[in-house]
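Since the model is a prediction, treat every value here as computed from it, not as a measurement.
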Amino acid sequence: MKKTVTLCLATLLLLIAIPARADNPQIAGVWRASLHDQPCILMNVHDNEGKLSGDIVFYLLKLENGSWHATGSDPIPLVHPRIEGNYFVFEVVHAKKNGSTDPSDQNLQTFRMGLAGKDKGIFSNAMEGQDLIMHRSDN
């Protein structure tokens, strides 16, 4: 009996520690982050039978006359979105020169979001940047 209880407890602990996978719907949804009481990131993630896709909007925050204002851009498609351990990792096409559409001015920028709970993530630039708390909603 003691072995059975120990085995059940060990199995339960293992299940809790299993990281998210692409076929686990916990990553799918609308993820948002804010800064200075303004939106700064809006990310839509879709899971179609284990194939992840989506887009992201990065907001430009400006301090004008003592208050913050956010301006959104067009959604940018997520490139090669995937689960790596406890992280949702993806790239986006980024212009080296602001506003340039010339392919020679483009590169891929990597981002990651640590999965910190059912509806919470910690978003960071894979190379640099300030971490932001992301919250998931149904819409």
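With F123 as reference, I56 is the one residue of I133, I56, D131 to meet the side chain to side chain contact (heavy atoms under 4.5 Å, CB included) rule.
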**OP:** Verify side-chain contact (heavy atoms from CB on, under 4.5 Å) between C40 and L132, making sure each step is shown before the conclusion.
**Re:** CA-CA 9 Å; C40 61; L132 297 168; 3.6 Å; yes
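Looking at I27 and L115, their side chains come closer than 4.5 Å, going by heavy atoms from C-beta outward. Side-chain contact between S73 and V57: present, with at least one pair of heavy atoms (C-beta onward) separated by less than 4.5 Å. For the pair V79 and F90, the minimum side-chain heavy-atom distance is 4.5 Å or more. Between R112 and S124, some side-chain heavy-atom pair lies under the 4.5 Å cut-off. Using a 4.5 Å heavy-atom threshold, the side chains of M134 and M113 count as touching. Residues L42 and Y59 meet the side-chain proximity criterion, which asks for heavy atoms closer than 4.5 Å.
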Validation: residues 60-72 side-chain donor-acceptor distances under 3.5 Å, sequence neighbours left out:
unit_1: S67; atom_1: OG; unit_2: E64; atom_2: O; d: 3.4
unit_1: S67; atom_1: OG; unit_2: H69; atom_2: NE2; d: 3.2

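With hydrogens and angles ignored, the 3.5 Å screen pairs a side-chain donor or acceptor of R136 with a backbone N or O of A28. Remark: the backbone N or O of G50 is paired with a side-chain donor or acceptor of D47 at under 3.5 angstrom.
A salt bridge links R82 with E84; the closest basic N to acidic carboxylate O contact falls under 4.0 Å.
Annotation: the span from I41 atom CD1 to L35 atom CG amounts to 9.0 Å, rounded to 0.5 Å. To the nearest 0.5 Å, atom NZ of residue K118 and atom CD of residue Q26 are 9.0 Å apart. Distance check, rounded to the nearest 0.5 Å: CE of M43 to CG of L78 gives 7.0 Å.
Grouping the Ile, Leu, Val, Met, Phe, Trp and Tyr side chains by contacts below 4.5 angstrom, directly or via other members, places V89 apart from I122.
Aromatic ring orientation, F58 versus F111: tilted (interplanar angle from 30° to 60°).
Qualifying ring-ring contact (aromatic ring centres under 6.0 Å, His included) partners for Y87, counting only residues two or more places apart in sequence or in other chains: none.
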